[in-house]
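Okay, structure first, notes after.
Since the model is a prediction, treat every value here as computed from it, not as a measurement. To find a chain, count down the sequence lines: A is the first, B the second, and so on, and within it residues start at 1.
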Protein chains: 2
Amino acid sequence: MREARFYTTSADYVYQDLRHRIITKQLQPGQRLPEVNIAVQMGVSRTPVREALRRLASEGLVTIIPNSGARLACPSQKEMENAYVLREHLECLAIRLAAERISERQLRRLEDSVIEEERAFHERDLKLYLEVNENFHRTIAESSGNRILAEYVENILARTNVYIVFYDPFYDIDTNPSIPQHRAIIAALAERSPEKAEALMREHLRFSMEGLQLPKEPEEF
Amino acid sequence: MREARFYTTSADYVYQDLRHRIITKQLQPGQRLPEVNIAVQMGVSRTPVREALRRLASEGLVTIIPNSGARLACPSQKEMENAYVLREHLECLAIRLAAERISERQLRRLEDSVIEEERAFHERDLKLYLEVNENFHRTIAESSGNRILAEYVENILARTNVYIVFYDPFYDIDTNPSIPQHRAIIAALAERSPEKAEALMREHLRFSMEGLQLPKEPEEF
DNA sequence: GAATCGTTTGTTGTGTGCAACCTAACCGCG
DNA sequence: CGCGGTTAGGTTGCACACAACAAACGATTC
């Protein structure tokens, strides 16, 4: 049962719940998403469902064909590579800026994130891990002082995290070097070194992309 | 009168028409946008208007406060600077990639754009100029071969173009060096020189940002 | 047997009504 | 005269109904 009005609007509730279902693999890539099905499952009307689907579409997580309907995204290998190229550039730009102006408070938030991340690792909680990981990267983006850049980072982050869920089903939580890498990044930020922070971030992202077992290319015109 | 069914859906029609009204200064920054007003003006119901407003919100052109309504964006100086920083990075990345893989067909499209641009200049048609200018930059982004990057460029382009309309009311169409700059960029792309193309693009964007007479900072917490 | 056209079913697009909410003006009270 | 509470107006949020469209199936014809 959903918590009593923890969300401001029904549309927002549906949006968050759909993202939750994607992260927890209750939905498959490419799957059709008829509005009525979702509406009755969530106990709302089609109107807020439509709104949530459009929002997910603007983030690239679902594709909507007019008069045909919505499907969960089904990213090709090329698309994922493209997304990672973009993510690398955006996050490297963000961390360069962040290294010069991050506050103590934000540094503490980053450290807290890593502690939470360790907990997620020990409990083998992929959903919590993705959430905390997202927080870590989002905090850095916000620390850049460029709010629009932070928005874009959040967007590309949502996409690539979904790719991980889709195509990294046996994500090895034990050998994953994410935590030490995150710690190194925090250290570089703490000593206000843009070059070092950027290099570490780049390496971190390259590594996480290589973890993906990319599917065979289904695209062909 | 709107052309007979040139748009696939009413929501799309409302979306395009709202953008048109923004470009032609029929709407002021910060202005309230009540759904019913727009609906009756465009001869549709509130439903497609809602959808169009959400879409504009996802592009940063309007801000929506739940239970309160939508207003046209009212960007601060800092926000515009941030947007331009981001735009510069995204477009420079795109043109570097484009220089190595642009097709003859795409090069011809760029040349056509510049010719159209000249026409807009001679006719002092700001709206046409902005449209053609957008086409020019969009074509380059698409030529990068990274579709997601192209999406992001298109998004940031929409924002910054709106900023021009808002804050550059006496845009001097005569002394504007945009056309020779665009020609130089095409030449660099034609000879497949990523470094030269990027440098020219960076200079071009810096110049167009400086043209903005930025408003006084209304932001203060 | 294959192809084409009509029908049918399921899904989306849009209009509309009602309830909840926010805002602002107004009135009464200190 | 100023301030707080109340009320009225306007706007959004959501549910529901109907219309339009698309894809799938089946029937009919060549």
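- Contact record, L189(A) with A99(A): CD2-CA, 3.7 Å, taken as the closest heavy-atom pair.
- Contact between the side-chain N/O atoms of R32(B) and the OP1/OP2 oxygens of dT12(D) is not found at any separation under 4.0 Å.
- Sequence order on DNA chain C of the closest nucleotides to S68(B) and S68(A) puts S68(A) first from the 5' end.
- Within the model, atoms OH of Y84(B) and CE of M209(B) stand 7.5 Å from one another, a figure rounded to the nearest 0.5 Å.
- Of the side-chain N and O atoms in T47(A), none sit less than 4.0 angstrom from OP1 or OP2 of dA15(D).
- Rounded to an integer number of Å, the gap from I65(B) CD1 to dT12(D) C1' is 12 Å.
- Among the atoms of the strands shown, only primed sugar atoms or phosphate atoms (P, OP1, OP2) are found under 4.0 Å from some heavy atom of R54(B).
- Summarising the geometry, the separation between CD1 on I64(B) and P on dG13(D) is reported as 8 Å, rounded to the nearest angstrom.
- Between the side chain of E59(B) and the main chain of L56(B), no donor-acceptor pair closer than 3.5 Å is present.
- At the phosphate of dC14(D), OP1 or OP2 sits under 4.0 Å from a side-chain N or O atom of S10(A).
- S45(A) has a side-chain polar atom (N or O) that falls below the 4.0 Å cut-off from OP1 or OP2 of dA15(D).
- Under 4.0 angstrom from either OP1 or OP2 of dT12(C) there lies no side-chain N or O belonging to R50(A).
- Phosphate contact (OP1/OP2 of dA15(D), side-chain N/O of R46(B), threshold under 4.0 Å): absent.
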